[in-house]
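Each remark here refers to the structure printed beneath this line.
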Amino acid sequence: MKLIDKDNKKPTTGFATDAIHWGYKPSSHQGALNPPVYMTSTFAFESAEQGASIFGGEEKGYFYSRISNPTVALLEERIARLEGAEAGLATSSGMGAICSVFWSLIQHGDELVVDQTLYGCTYAFFRTLVEKFGIKILAVDMADLKAVEEAITPKTRLVFFETPANPTLRLVDIAAVSSLAHKHDALVIVDNTFCTPYLQRPLEFGADVIVHSATKYLGGHGDLIAGLAVGGAEMIEHVRLSGLKDLTGAALSPFDASQILRGIKTLEIRMDRHSQSAATVARYLDSHSAIEAVYYPGLESFPQHELAKRQMSQFGGLIAFEVKGGIVAGRALMNSLKLATLAVSLGDAETLIQHPASMTHAPYEEEVRQAAGITDGLVRLSIGLECVDDIIADLDQALTQEYVELAQAG
Ligand SMILES: *Cc1c(COP(=O)(O)O)cnc(C)c1O
């Protein structure tokens, strides 16, 4: 009995339909509406000969859940479908996906070109690579296409960025950077965590591989840690058999895979709500006298708003902003919120607020962090699914005139 149901792959269905049904048919599984969770580490062979041929790759089959598992495989099929990719791979964290992809594709002497603004642990990963493994990393501001063009050489193996970038929300033009990279046969890897395939599909703009922290919007409920990667079938198979199987071992639990399958069923309606509410909150913050600057791709004042409209269908649930009075005022604001939860992570039902410079982006050296636009006064807000009026009322009770004056006085 196969969990992946090839008959159920109708090519014309829409996003939400695929997010709910793709690759699964209840009638093949005792009528179970929800896919069974194969909580097993290993799989029995029918004979010693069959075991040998599955191990040898002549026969397809499951044998050990670090490499593949039917519940995890359904999630992989579904994310590949939603991203428009040939194949997918699930891992036990977003960092597990990033590390599995990179360790599989690079070798000593390669050069990588990466954006200067990245999730803190991804930045720390690249820094470790340069120092220990003889791989040259060029970090550039990828909003500057001239800088990208100069950095990419025939030695460049991979180009990596997030768009929008964590935490500043600065965008990268996926099509433009992909075409520069492809001139030198470099592969383009995009971290699509902030958008999910519902808001942005980087492969359609020329990217080669997409990675996700499924911990965020895809899981959507703040109850698990997971990662995903999608790309061409051959490359993903290589990442599975090298990066995941032997190098990181970052295998996803079948239980967590089933939780993500559940999360993805409501992805479309959740992302609609996150995006609508974030747009409302961004406009509120933008008009508030205590706020110095608001970064939200959906605001007309956002410097890359035109690019945002080209590559994103809506603008997502994350807002970054600077409070007048810098870090002191920012801390005072975070401490006086009552509904928003002071926590890292993002993409949950709960509104979360955090301070990148001292939290998610603490791995950055100070000067590098400042150059990447992650200033001490920057606050990152992940808009949840609560009533937007309540989210705004919470910010409003915190951003009083007294607070602003107090914060500015230090
Ligand atoms: C959280 C995050 C990661 C890391 O994912 P984990 O699931 O925490 O390992 C990578 N990239 C981005 C953009 C993130 O927000």
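Since this is a predicted model, take the numbers as computed values, not measurements. For ligands, and for the atoms within them, numbers begin at 1 and follow the listed sequence.
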List, one per line, each side-chain donor-acceptor pair under 3.5 Å for residues 379-393, sequence neighbours excluded.
from   : atom 1 : to     : atom 2 : distance (Å)
Arg380 : NH1    : Asn166 : OD1    : 2.7
Arg380 : NH2    : Ser345 : O      : 3.2
Ser382 : OG     : Gly347 : N      : 3.0
Glu386 : OE1    : Thr351 : N      : 3.4
Glu386 : OE1    : Thr351 : OG1    : 2.7
Glu386 : OE2    : Thr351 : N      : 2.8

Just list the side-chain donor-acceptor pairs under 3.5 Å for residues 127-134, sequence neighbours left out, or say none.
from   : atom 1 : to     : atom 2 : distance (Å)
Arg127 : NH1    : Pro363 : O      : 2.8
Arg127 : NH1    : Glu365 : OE2    : 3.0
Thr128 : OG1    : Ala124 : O      : 2.7

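Between Thr248 and Ser100, the side chains place a donor N or O and an acceptor N or O closer than 3.5 Å (distance only, hydrogens not considered).
In terms of the side chain to side chain contact (heavy atoms under 4.5 Å, CB included) criterion, residue partners of Asp376 (sequence neighbours excluded) are, by chain and number, Ile327, Ala357, Glu366, Arg369, Gln370.
Side chain of Gln314 to backbone of Ser275: no donor-acceptor contact under 3.5 angstrom is found.
For Thr91 against Leu228, the heavy-atom pair with the smallest separation is OG1-N, 4.0 Å.
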Filter the ligand 1-protein atom pairs down to N or O on both sides and distance under 3.5 Å, then list them.
from     : atom 1 : to     : atom 2 : distance (Å)
ligand 1 : 5 (O)  : Ser213 : OG     : 3.0
ligand 1 : 7 (O)  : Gly94  : N      : 2.8
ligand 1 : 7 (O)  : Ser213 : OG     : 2.8
ligand 1 : 7 (O)  : Thr215 : OG1    : 2.6
ligand 1 : 9 (O)  : Gly94  : N      : 3.0
ligand 1 : 9 (O)  : Met95  : N      : 2.9
ligand 1 : 11 (N) : Asp191 : OD2    : 2.6
ligand 1 : 15 (O) : Asn166 : ND2    : 3.2
ligand 1 : 15 (O) : Lys216 : NZ     : 2.8

